Structures are given as C-alpha cells and as structure tokens.
Visitor: 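Following this message is one structure expressed as structure tokens.
Throughout, protein chains are lettered first and strands after them, A, B, ... in sequence-line order, and every chain is numbered starting at 1. Since the model is a prediction, treat every value here as computed from it, not as a measurement.
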Amino acid sequence: MAPPVSGKARYKVGRLTKRAEFLAVAGARRKWSAPGLLLQARAQDGVQKPRKGEPDVRVGFTASKKVGGAVERNRARRRLRAAVAEVLAPHALPATDYVVVARAETVRRPYAALKQDLAQAMKKLRAWQDPPAPDAAPQADGGGT
RNA sequence: CCAGACGGUCGGAUGGCCGCUCCGUCGCAAUGGGGAAACCCGCGGUGGGGAGGAAAGUCCGGGCUCCACGGAAGUACGGUGCCGGCUAACGGCCGGCGGGGGCGACCCCAGGGAAAGUGCCACAGAGAGCAGACCGCCCGUCUGCCCCGGGCUUCGGCCUGGGACGGCAUGGGCAAGGGUGAAAGGGUGCGGUAAGAGCGCACCGCGGCCCCGGCGACGGGGCUGGCAUGGUAAACCCCACCGGGAGCAAGACCGAAUAGGGGCGGCAGCGCCGGGCAACCGGCCAAGCGCACUUCCGCGCCGCCGCCCGGGUGGGUCGCGUCGAGGCGUCCGGCAACGGGCGCCCCAGAGGAAUGGCCAUCCCCCGGAUACCGUCCAGCACGCUGGAUACGGUCCGGCGGACAGAACCCGGCUUACAGGCCGUCUGGCGUU
RNA sequence: UGGGGCGUCGCCAAGCGGUAAGGCAGCGGUUUUUGGUACCGCCAUACCUAGGUUCGAAUCCUAGCGCCCCAG
C-alpha cells in the first residue's frame, strides 16, 4: 500500500457498513463489557478486509432500541464516535475491525469515564498499542491523566 | 390586582478547541488507486448551507412511479354524513344553523332517515311494544252493623223505607293518584264527571297545510288536527355522496460468479418399448460420472466440451432536492378560511444514516445561605439596634434545561411538550 | 412500508350489550403421627388508558399506550 498520509498526525479509521461485516466481528467472540459500552474486535482476514485505499483499521457502531428512542440512539453513537476518534484511533492494532456497542448508560456516563471504558476494553482484548510515531502524537491523550 | 376564556408566537444565547456532511472555488496528487463491470475513492486552502413544531404516531387527502383497464351503469366491499363556502383534495379549515353546558368571555356535539322493514329493551313491575289494572277511585248487586222513620207484635222480635260506615263477596266503569322502572302511549292548569279520561278549553310540545324571511340548514307567523308517532341505526339496515390496486424496498438504468433457460459448432451415443407421416417427444436398459479406493450390491445424476444470447440475484448509479399546491415582505378583495397582484429569495440532503463531542460565560428553573445592599416587622436615645427574608439583589450547590431526530415530497388530523412572550376578551375586587 | 391480532385476579383463561365463570397459585380448616393427596371454605383481588353512544359497556365507536405475528 502507498498511504498518501504519512507525516500527518491524524489517525484515520474506516467504517463498517455491511451487515456481514458486523456479523463477522461478532462471530470472533472477542468482546469485553464496560459500564458505558461494549467492545468487540476481530483481526482482518482475506475475506473481511478494507478495500485498498481505505484505512486499515475499521470501526462499526451499534445502538439498538434498548438504548432508547432515536434521539438517545443518535446521541450515544455520536459520543462513542467522539471517544473512538480520541482514544481508539491512535492506539488501535493495525488490520483489525472493531465494533462499539452502545448501552443504556452510554448517554448518561461522564465523557471522561466513557473514554476510560474504551481504553480499558481495548487493553482487556489485547487490542491496544502505543502510538507508532510518538514524536507526531496528537494532543488526544488527555484521558489518561 | 386576582381568577379565567380564546388566539398567535418562540422553544435557550454567545464564545473557544477538536470533528462530520453537502455545494462552489483554487492548488497538489497522476502515465493515480480499487473493481469483472457498473462505478467508487484522495490531500491541503478558502467561501457558503446543514433537523422540527411537532421531523413523532402513520389516522386521512394528494403529487410521483409501476401494474390493471374499451365506455357507461350496477352489484359487492370500505369510507363519509346539518347547511353554505374555501381548497388540488380531504374524514381538513372558515362562517352559519340546531341541540347541550357555563354568571360570562366561551366551550362541547358521528348532528341524515325510527309513520320501509327486521331485531333488541335484562332486573323490577299489574302492564314494555298487538300495552296494562296490583293497590286505588267511582256506580250497582248481595250482605254486616249503627242511626232515623213507618207498620205489625204473643213484647222475645219481625217486615219495610232512608242515611252513614264497612266486607278475603260480586258485576261493571276509570286510568287521576300510589308503587316499579332508564322509559308507563303528550306536559301544566282550569273546566267537566259517579269517578275519570284531549272529553272540552288556554298555554307549551308534536303532526299536517299555508304565508313571510333566508342560497340553504333553519327561523317567524297563521290555520288546523286532538295525540295518532317510546327508545336504540357508535344493532342489521335505508338514502345520498366518494373510492381501480400497490407503494421510493415504487420504479429506471448498468450489470459478476454459481445454478437453471435458449442458440450454434464439435465429439460421443444412436439398443429396446410407446406416440407420430416425419422432424421429434417420453420411458427403460446399458455405458459414463458421483457416493475415499477395489469387487459385488444399492442409491443418485444424465449426453460431454467450447462459444454466444437473453432474463436475473449480490453489487452500483439514478429516483434524491434548482422550482415546489415553495418561502418572506407588501398591497387589494373577502366577516373569515382563502384568493389575486407586485417585489425579493433558492433555503438540509444522509444512506449502519451528516447536522456533533468537550469546555467556559450568560439566561431560566430548583434547593440552600443571607455577612452585605434593598424590602418588611419591632424598639426607640431619630439615628441606630434587634429580627425576618415567603420577594428583589448577592453568594454557594445542582450527571437541572420540555417533547423529541428529516429518510421521496406536499396539505391536514391526532398525540407529546419545561418554560417564556404578545394580543383580544370575560367575571370579581379596589381607587379615581 | 403495508397488513393482521392481542391486552380480563400473581399466572393461565371463559364471557362478545344487563350476574365478571373456571383452573393453578395463596390463605384458613377437616382428614393424617407429620408431609403429600383428598374434601370444604375464603379469595369481598382483575376487564390496558381516556373520552363517547346507550337506561345500562369487559363487550359497540373514536383516540392513545404496550406487546406479538406476517409479507417485501
């Protein structure tokens, strides 16, 4: 691959959109449940992999009816998306698909705690790594301290 | 000032950091990447747009698209139901009418037909749809007892006439009153009567006819009938009017692999039976292939290969937001709904679904504090002291900021909703 | 998106204009040494919500809430 973005500090992640992709991640049975969210992970293979030119880390979001009405479900997904951009993107393993599932608590949970939930879930699933280019690390590490 | 009625409107504000999506524009990326194809995809700068009054429920009406259909009428089914208007249309809206509620502003009403037919009206009650007579009221007959009169008498009574009160008696009249019921076959009053009854009369109600006003629903008046016609149609039904079906996962286009369909060519097979003039069709056997392999048995498949064609699934693009029953402003007509003229504007377009995440300050709300300022109360040495704070500041705290997220688009309806603002009106109290 | 159905006591469930059955569970009693079984009694407990029609509504109508199913 020839990534056009090499020196930039922003970590791009792709998006899971097809039902089959979500089922594949769920079928891997690598999941961990935190108070504010539920994380699933799966290493990509020859069938489930990003198309060329896309980022090689992909994330999908799920907010079912159990979370609430459309307003609550939208808000839960948006908060999770923001947390993923801050926490998961810089520390994600390459060639891995993630699915973040919203829970009823996701909407009410303080944002700092939500970020900690995500980081803890990644570590529990052994899907955490330190940024590969620490010199270009962005200022998105506020969750730890 | 308090209480209330109706209508309209808004539905947090400002800023910072980091992001999303669409459109325009400039530059870079390039002989660029992905994909079978259709088609999709960067990076950086800059400018702009980016949820609602209900976007909701999906209860109606349309546009749009496909399907069906010769016209008209009818049947069935579903819906609507006072009148007039508005509208593209509606079960919507506006203005009226009638009925009901409220002191009032005002609110509520599926509000056609019950003398076309059918059904139903429990229990209670004498009687409930061809009404009926339990208590009761009245008139007789019979009879009991009491009072009054007459006659007879052997003074014990007997006969007879009248009156009053009665009777497990009996023959009729009545439907006022009692009682039952949601409802008892017009209501109230007077007359009338043996007692009563529309039996008669007055008023009210109801029906019929006529006149007047109104486009009409209907209203007003007159004459007349003499009560005939209980309720229920959100029971069946009758009448009038309306309705072809499905829905953007509609639909249009582009178009893999696999299986199946068709055509052409080559090769293999071409035994038997049935049908047919034949082309050919159907069946059976064998061969072949598969069930790991060999033999037997069993089961299953049935010409093989190549090329081409069309339908079509996954996938992709369009549909899809430039133009609309469009928005804003203004003028005119109309009581109004609404219509018309003119000017300006282009105003969300996602697609596992953008419109956000976090933080400050302000605003509002809730709880607490009240040293201080105001306010109120008390004391007076008249300027202070003590207290209160339900109110205005001030300070502190608040996982406090309603209902809720476009999905093809409009017009309505219904439902949810913290709080604020504006206007009109009604009732009460006070002051002048 | 379109269509269909159901909400009755703690659970299951009848009733389809006039009285809200029944079973299980629960409580009390009898029988039994005790428990179970059996029998008797008590369930003064229920019609999803709000309006309306009707003399009268669980039942009919309208609106809403919740749940389930079917088709694409």
Visitor: Please give the distance between the C1' atoms of B:G32 and B:C28 as a whole number of Å.
Guide: 13 Å

Visitor: Going by heavy atoms in the side chains, are A:Leu114 and A:Arg79 under 4.5 Å from each other?
Guide: yes

Visitor: A:Arg108 has an atom CZ; how far is it from atom P of B:C399, in whole Å?
Guide: 14 Å

Visitor: Would you mind classifying the nucleic acid contact of A:Arg75 as base, sugar-phosphate or nothing, using non-hydrogen atoms under 4.0 angstrom?
Guide: sugar-phosphate

Visitor: For B:G321, measure the glycosidic angle (O4'-C1'-N9-C4 for a purine, O4'-C1'-N1-C2 for a pyrimidine) and name it syn if it falls within 90° of 0, otherwise anti.
Guide: syn

Visitor: Just name whichever nucleotide pairs with B:C203, Watson-Crick or G-U, keeping both distances under 3.5 Å, else none.
Guide: B:G187

Visitor: Report the glycosidic orientation of B:G163: syn if within 90° of 0, anti in every other case.
Guide: anti

Visitor: Hey, is the side chain of A:Arg78 poking within less than 4.0 Å of OP1 or OP2 on B:U355, counting only N and O atoms?
Guide: yes

Visitor: Identify whether the distance between the nearest side-chain nitrogen and carboxylate oxygen of A:Arg42 and A:Asp97 falls below 4.0 Å.
Guide: no

Visitor: So what's C:G2 paired with, Watson-Crick or G-U wobble, going by both distances under 3.5 Å?
Guide: C:C70

Visitor: Using Watson-Crick or G-U wobble geometry with both distances below 3.5 Å, tell me the partner of C:G56, or none.
Guide: none

Visitor: Please answer whether the main-chain N or O of A:Val99 pairs with a side-chain N or O of A:Arg58 as donor and acceptor at a distance below 3.5 Å.
Guide: no

Visitor: Applying the Watson-Crick and G-U wobble criteria at under 3.5 Å, what pairs with B:C342? Answer none if nothing qualifies.
Guide: B:G329

Visitor: Could you check which nucleotide pairs with C:A38 in any of the strands shown, counting Watson-Crick or G-U wobble with both distances under 3.5 Å?
Guide: C:U30

Visitor: OP1, OP2 of B:U355 versus side-chain N and O of A:Arg81: anything below 4.0 Å?
Guide: yes

Visitor: Taking syn as any angle within 90 degrees of 0 and anti as the rest, which one fits B:G84?
Guide: anti

Visitor: For B:G161, what is the paired nucleotide under Watson-Crick or G-U wobble rules, both distances under 3.5 Å?
Guide: B:C148

Visitor: Taking 4.0 Å as the cut-off, does a side-chain nitrogen or oxygen of A:Arg73 come that near to OP1 or OP2 on B:G352?
Guide: no

Visitor: Grab the two heavy atoms, one from A:Leu93 and one from A:Tyr98, that are nearest each other, plus how far apart they are.
Guide: N-OH, 3.2 Å

Visitor: As a test of the definition: with a 90° window around 0 for syn, would you call B:C323 syn or anti?
Guide: syn

Visitor: What's the CG-P distance between A:Asn74 and B:A407, to the nearest Å?
Guide: 12 Å

Visitor: Between atom CG in A:Asp117 and atom C1' in B:G357, what is the gap in whole Å?
Guide: 16 Å

Visitor: Could you check how far NZ of A:Lys115 sits from C1' of B:G19, rounded to whole Å?
Guide: 14 Å

Visitor: Over all heavy atoms of both residues, which pair between A:Val107 and A:Glu72 is shortest? Give the atoms and the distance, please.
Guide: CG2-O, 3.6 Å

Visitor: Tell me the partner of B:U58, counting only Watson-Crick (N1-N3 plus N6-O4 or O6-N4) or G-U wobble (N1-O2 and O6-N3) with both under 3.5 Å; none if nothing fits.
Guide: none

Visitor: Based on the glycosidic angle (syn within 90° of 0, else anti), state the conformation of B:A51.
Guide: syn

Visitor: Say we look at B:U188 and B:A197: how far apart would their P atoms be, to the nearest angstrom?
Guide: 11 Å

Visitor: Quick one: does A:Tyr111's side chain get under 4.5 Å of A:Glu86's, heavy atoms only?
Guide: yes

Visitor: Let's test this: given Watson-Crick or G-U wobble pairing with both distances under 3.5 Å, identify the partner of B:U424.
Guide: B:A5

Visitor: How many Å lie between CZ on A:Arg77 and C1' on B:G405, as a whole number?
Guide: 10 Å

